[in-house]
Amino acid sequence: MAEPLLVVEDLEVHYPIGKSLFKEGVTLRALDGVSFTVGKGEVVGLVGESGSGKTTLGRAVLRLVEPTSGRVQLGDKDVTALPPADLKALRSKMQIIFQDPYASLNPRMSVGQTLGEALMLHKIGTRKDRDQRIGDLLEQVGLPRSAAARFPHEFSGGQRQRIGIARALAVNPEFIVADEPVSALDVSIQAQIINLLQDLRRELGLSLLFIGHDLSVIEFLCDRVIVLYLGRVMEMGTAAELYANPRHPYTRALLDAAPVPDPTVRRDRITLKGDLPSPVNPPSGCVFRTRCPYAIDACAEVVPPLETLESGHRVACIRSHELNLANPIA
Amino acid sequence: MADTTVPIAAQPPQSYGRRVVRRFLRHTPAVLSLAFLLLLGAVVIVGPWVSPYTFDGQDFMLIGAPGPMSAEHWLGTDELGRDALTRLIHGGRVSLAVGLAGAIIATFAGTLVGAVSGFYRGWVDQVLMRLTDVMLSIPTLPLVLLLSGLFRPSPPLLVAIVGLLIWMGTARLVRSQFMALREREFVEAARALGASGPRLMFRHILPNAIGPITVSATLAVGSAIMLESALSFLGFGIQPPVPTWGNLLNSASSWLSVAPWLAIPPGLLILFTVLAVNFLGDGLRDAMEPRE
C-alpha cells in the first residue's frame, strides 16, 4: 500500500437530539469509532446502505461536519485540531464532489464566477491568469472554454457534474471526497463521469474517497473498499479480495443485492430484511446482528473488534473464521 | 485531459429574467396595479408643479367652511380655503415617500436579522427570534397613541418608526429562506473552499433568496402606507400644514356630514394604493416563485 496521505483515527460524530431546557436529549451516533487510511494516489470506496453514515463520514473528514472526537490527519496536518485560519489554507488540499449536480452549483453565478471564486479564495494566480486557468480547467473536464460565461441552468446533469469536478480541481487538491458523484446521473452519463474521474486520477495522482452504492462502479474504480453499517466499519480490504472473498455477512448481503446480468446464474443469496436500526438506539454488541442470518447469542454481548486477517483485509465479525461467505460468482 | 469535449447548447434557454417578466404579464390584476401605481407616481411627482395652487396657499374668501367642487377647485376647498386636489396630490407625495422609505428600512432590517438568525442558528437565532416575537406582540396603535402623547416625530424619525414597526414579517421569511438554502450543496461547496460566513451569506445565499425578499418588500410598502396613514390620522404623523392622506382624512372627518367630498378621495386613494401594492406583490410572487 502506498504511503498514507489521509489517516482517520477513531472518528466519531454524535448529534444530540431533542435536548432542551426541560428534557434530557438522546444521542444519535452517526459515526462510531471509524478508522482507516487513504494512500497517496489511492482510491478508496465507501459503501453501505442509505443511513449508514457514508455521507457524514465524507463531510467529517473534510470538517464540513464537526467530529465529536477522533482525529483526521492529511499529510502532516491535523485537520481536526486546526484553527479556522489554517483550516482555510488546508481546504485547497482537500475537496469534495457532490451527488446532486443540480443543487451543487449556485444558480446565480456563472460557471466562470464559480471557478473564479475557488481561485480567488486561495489566491491562485493574478486576475488575468485566472481566466486562462478557468478555461484550462473546463477543458480538463471536457467542456469548451466558452462554458465559463454560461449559467448552470444552461447545462445538462452530466455537464454540471463536470463543472463540479472542475471546481474541486481548481485549487489543486491532493485528496477529494466524491460523494456519490454519479448516483444522480443517467447510466450512459455515469460511464463518462467515471472515466473522467479515472483519467484525472491517473494524470493528477489524486487520492479519492469514493462514496457510492453501485458496487460495480466501486469495483471498477477503487483500490480498496470500506463497508460501513450504522456508522461502524464492518469490513475493509482490497477491492479484489473483498469482492471475491467477503468475510462479513453484511458485505456478502450487499454483494448479493447487486444484480448479476446473467439469468442462468443461480445463487443462494443473503437477503437483507427490514430497515437499518435506529442510530439513536443501536443494537447491543454487533450492530448488524438484528438483520444477520448467522447471528448467535454471543453477537449481542460483545462489540466485535475490527480484526486483521491476511494482507490488510479487516473484518468486524466474531464468526468470520467459521463462516464461508466466498462469493460463488465473483 | 478528457479525450473529448462535450458539446454544450448553442442557444442559452430563456433567461430567468425573461421568464419572470412573461409570467408577471399573465397576472392581470398585478399588471393593472402596476399601471395604476406608475400613474399615481407620475401624478404625485408632476402634479404639484402643474397645479396653480400651493398646498398651503389659502383663498381668504373661502375660509370658514369647506367649499364645494367647482371649476377652480375640482375637489373643493377645505375649511381654511386651501385647494383640496392640490393637497391630495401633495399628500400622496408625502404618503408614498414615507411608505417607500419605511418599507426600505423594514426590508433592510428584516433581511439582516433574518439572515443572521437563519445562517448562524443556535443562540443567536434564539435571541433574534425572541426579539422579533416581542416586536410582533406589541400592539401598534396603543404604542403609537402613547408616543403621540409624548412628542411629535420629524419626518425622518417617522420613517424610522414605521420601518421598525413592520420589519418582523420580512425577518421571519428571510430566516426560513436562509435555513433552507444554507443546507444546499452549493453553499457547502463554497464552505469546502474556505469561504467566510459573510461571504456565504451575501454572495451565495442572499442572491438566491432575492425573489421572496422582493415580494416581501413590495408588501411592506403597503403596510408602511397603511401605518403612516393610521399614524397621521391619529395625529402622530406628519403634522399639518404638510398634508398626507392620513391627516387629510383626519381633518376631513370633522366635516364628514357637510362636506363628504373632502374625506372620500384620500380614503379611496389609501384603499386603492394599498390594494394595488398587494396585487403587485402577489403577481411578483407568482412570477418569481412559481409553484410547479
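Any value given below was found using the heavy atoms of this structure, including those in side chains, with hydrogens, waters and symmetry copies removed. Computed from a predicted model, the values in this text were never measured in an experiment. Order of the sequence lines sets the chain letters (A, B, ...), proteins ahead of strands, with each chain counted from 1.
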Who wins among A/Ile96, A/Ile97, A/Asp100 for the most heavy-atom pairs under 4.5 Å with chain B?
A/Asp100
Determine the option with the most heavy-atom pairs under 4.5 angstrom with chain B, choosing from A/Phe98, A/Phe151, A/Phe155.
A/Phe98
Return yes when atom CZ of A/Arg127 has more than 12 non-hydrogen atoms of other residues, nucleotides or ligands closer than 6.0 Å, and no otherwise.
no
Proximity breakdown for B/Arg199 and chain A, heavy-atom pairs closer than 4.5 Å
side chain
At a heavy-atom separation under 4.5 Å, does B/Ile210 approach chain A through its side chain, its backbone, both, or neither?
side chain
For a quick test of reading the model, state the closest non-hydrogen atom pair linking B/Phe186 to A/Pro107 and the distance between them.
CE2-CD, 3.9 Å
On a heavy-atom basis, which atom in A/Ser104 and which in B/Ala189 lie closest, and how many Å separate them?
O-CB, 4.4 Å
Among B/Arg184, B/His204, B/Arg191, the residue with the most heavy-atom pairs under 4.5 Å to chain A is B/His204
Do you know which of A/Gln95, A/Glu117, A/Arg63 has the most heavy-atom pairs under 4.5 Å to chain B?
A/Glu117
Heavy-atom pairs under 4.5 Å with chain B, option from A/Pro144, A/Ser156, A/Gly158 with the top count:
A/Pro144
Are more than 12 heavy atoms, taken from residues, nucleotides or ligands other than B/Met201, located less than 6.0 Å from that residue's CE atom?
yes
Does B/Asn208 offer a backbone N or O that forms a donor-acceptor pair with the side chain of A/Arg108 under 3.5 Å?
no
Side chain from CB out, backbone as N, CA, C, O: work out which of these in A/Leu62 comes under 4.5 Å of a heavy atom of chain B, or both, or neither.
neither
Closer than 4.0 angstrom, basic N to acidic O: yes or no for A/Arg59 and B/Glu188?
yes
If we ignore hydrogens and angles and just use 3.5 Å, is the side chain of A/His122 paired with the main-chain N or O of B/Leu193 as donor and acceptor?
yes
Identify the heavy atoms of B/Ala192 and A/Arg91 that sit nearest to each other, and give their distance.
O-CD, 3.0 Å
